[in-house]
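For reference, the structure discussed in these notes is given below.
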Number of protein chains: 2
Amino acid sequence: MINPTLRQLRYFDALARHGHFGRAAEACSISQPALSMQIKEMEEGLGGTLLERSARQVTLTRLGEELIERVRDILRSVDELGDFARASRDRFAGRLRIGMIPTVAPYLLPRIIGDLTRMHPELDIQVREALTSKLIQELSEGRLDTAIVALPVSEASLTEVALFSEDFLLVRPLEDEGTPVPSREMLREMRLLLLEEGHCFRDQALSFCKMHSSPRELLDASSLSTLVQMVSAGVGVTLIPEMAVQVETRSAAVSVARFRNPQPSRTIGMVWRKTSPLARQLTQISEVVCLSAGKPRGKQTAPPARNHRS
Amino acid sequence: MINPTLRQLRYFDALARHGHFGRAAEACSISQPALSMQIKEMEEGLGGTLLERSARQVTLTRLGEELIERVRDILRSVDELGDFARASRDRFAGRLRIGMIPTVAPYLLPRIIGDLTRMHPELDIQVREALTSKLIQELSEGRLDTAIVALPVSEASLTEVALFSEDFLLVRPLEDEGTPVPSREMLREMRLLLLEEGHCFRDQALSFCKMHSSPRELLDASSLSTLVQMVSAGVGVTLIPEMAVQVETRSAAVSVARFRNPQPSRTIGMVWRKTSPLARQLTQISEVVCLSAGKPRGKQTAPPARNHRS
DNA sequence: TCGAAGCGATAAGATAATCTGATGATAAAT
DNA sequence: ATTTATCATCAGATTATCTTATCGCTTCGA
């Protein structure tokens, strides 16, 4: 009964993730036979089969299933040792892996990346853009240090702090300029263009209109940029977060208008694992991000909505 | 920033335990330079000093202090992977590390060791005798699988099951034979011999007599055997658990008597970590031990007390 | 039905990690 | 001042791990 090595645990984790020896080996930067051998030794050491090698795929056995979560806990803990060491020695140095949702990243990133590296030159910032659900998953698995998403996230294992809230503005064809801003009831009768499934901003927009099912047409866009282009082409109207206005309407012939009460809006915040050894630093970083966003925490002082054309 | 290897964590743990490179290396079955090197590499990998090497001793730095508990958690988790694998494959095989208190081990061990190995020949039973506090500590650290102690233990992280309860009998010089059994009030006036500090049986005996401070004399014995010998030599009287009567009074000229109401007694039970992967097996083993002890669970059917002489 | 392609296992030799034994350096104890 | 205890360092030996080449099996398309 030989205990597994950390190396074997890492390989096992990768293999469980990829379900494929070749790709897992590549992810570990080793050759496929090396991985096969280590997995085999781990199985022999434990005295049981971890994976079922069927012809077309590799799946976990019951034993593998029972162990994989524990293995991941172990790997996460080991990775965190380094974080703890760093935290107790040098307050702001080393890798910082930030995740962001796609409806925030392009607009917020340029502002904060400069500020952060200026204030903490030792910080090696790595950014990852993905949908909320994926970010939360990677965060929990210890593959991200923090994520910037729309609140609330409501995961008991995560700490969340609000950064700022941003209103949603109406984007409509240029010829609508000057006509009254529709109420949300009217909006429901118009052709409202949305992001595809999975984007939290889609749900936030739907929620504002009190529409809970998807609208009539299947014209979901994969980015705010596309949405605005579609409006400009006269396909319909859409909502975009205030922060995106300047970038996205610079090169599109559209009219932007602010809603009267109620103002649709959402709160953007930062989340991290409660157990993260970087907690203290992350709190400070959240303050920097807050300032970089150009708004006092939790409030908003938006410039008045204006018209734009190409 | 290189992550530590499991090997380094093991060495670090041993070093933290022993506070001495040479002895820690011996405990790891490696040479002292090998340990020095690995520790150094771990420190370099983490980017901080873990230990302070003063001339006469090795102590943990603040960082080492912060990490050692996490490291031990990791090592325990890794060790348990094997236990899980075994548990899910072969119900009763492999190492089983049992701890027992000294006032139970010599009398219970011979009975159960045979039964257990007969019923589970694949079981490699390792027994460790120590005081309750040490057993509980080792159990929590994952260095024991289970322990047999007097209940209650009241540790939230441990499961406890009662095995049997045993009365305490009075042991007095042979010439007292036939005289009335003293009440516990009378006992307080007699010269009551006890085990040394730390034995739970000492506290149980004191508690029966409603004495909470230690008695007048400092004549604490280190084993029940010694106690009985002292009584036989006329130094005083003592209590011993029923289970020890046969062995300990076989070669001593003493009289053994049972108390009237209230009967002093204690409950012996088995404890293990709630998270132990061997939980199911341990429950079954506790039943075997129960039977081996020769009494139905939770009850007692003792043979009547008799006199013994050398 | 047959050959091609994909995939994991195996083997042999190369490389890297780790260990041992000898020795050095430092500080406390005699 | 000398001895002793203790951890660090070095060179060479040993062990663990990796790579490349290749095998055998299964699936898929012609």
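Numbers restart at 1 for each chain; the letters A, B, ... are given by sequence-line order, proteins then strands. Just so it is clear, the structure is predicted and the values come from calculations on it, not from any experiment. In what follows, every heavy atom counts, from backbone to side chain, and hydrogens, waters and symmetry copies are set aside.
For the OP1/OP2 pair of dC18(D) and a distance below 4.0 Å, the side-chain nitrogens and oxygens of Ser31(A) include no atom meeting the criterion. Put simply, Lys40(B) has no side-chain N or O that comes within less than 4.0 Å of OP1 or OP2 on dC7(D). Checking the phosphate oxygens (OP1, OP2) of dG6(C), no side-chain nitrogen or oxygen of His20(A) falls inside 4.0 Å. Proximity of Ser36(B) to the phosphate of dA8(D): a side-chain N or O atom is located under 4.0 Å from OP1 or OP2.
Proximity of Cys200(A) to Ile101(A): side-chain heavy atoms (C-beta onward) are separated by under 4.5 Å at one or more points. Contact annotation: the side chain of Glu80(B) approaches that of Arg273(B) to within less than 4.5 Å [non-hydrogen atoms, C-beta and beyond].
Side-chain N or O atoms of Arg17(B) include none that pairs as donor or acceptor with a backbone N or O of Ala24(B) at under 3.5 Å. Arg202(A) contributes no side-chain N or O that, together with a main-chain N or O of Leu194(A), makes up a donor-acceptor pair within less than 3.5 Å.
Computed from coordinates, the Leu50(A) CG to dA9(C) P distance equals 12 Å when rounded to whole Å. Per the geometry, CZ belonging to Phe12(A) stands 17 Å off C1' belonging to dG8(C), to the nearest Å. Here dC19(C) presents its P atom at 16 Å from CD of Glu26(B), a figure rounded to the nearest Å. Rounded to whole angstrom, the span from the CG atom of Leu35(A) across to the P atom of dT10(C) amounts to 14 Å. Look at CD1 on Ile2(A): it is 15 Å from P on dT15(D), rounded to the nearest Å. Distance CD (Gln8(B)) to P (dA17(C)): 12 Å, rounded to an integer number of Å. If you take CD of Gln38(B) and C1' of dA16(C), they are 13 Å apart, rounded to a whole angstrom. Distance Tyr11(A) OH to dA9(C) P: 15 Å, rounded to the nearest Å.
Distance from the side chain of Glu41(B) is smallest for dT18(C) among the nucleotides dC18(D), dC19(C), dT18(C). Checking dA22(C), dA9(C), dC19(C) against every side-chain atom of Pro33(A), the shortest atom distance belongs to dA9(C). Closest to the side chain of Arg23(A), from the set dC7(C), dT9(D), dT20(D), is dC7(C).
Between Arg7(A) and Arg53(B), the residue anchored nearer the 5' end of DNA chain D, judged by the nucleotide with its closest heavy atom, is Arg53(B). Residue whose closest nucleotide on DNA chain C sits further toward the 5' end, between Phe21(A) and Met37(B): Phe21(A).
Contacts of Gln32(B) with the nucleic acid, taken as non-hydrogen atoms under 4.0 Å apart, include base atoms.
Atom CD of Gln229(A) sits in a crowded spot, with more than 12 heavy atoms from other residues, nucleotides or ligands closer than 6.0 Å.
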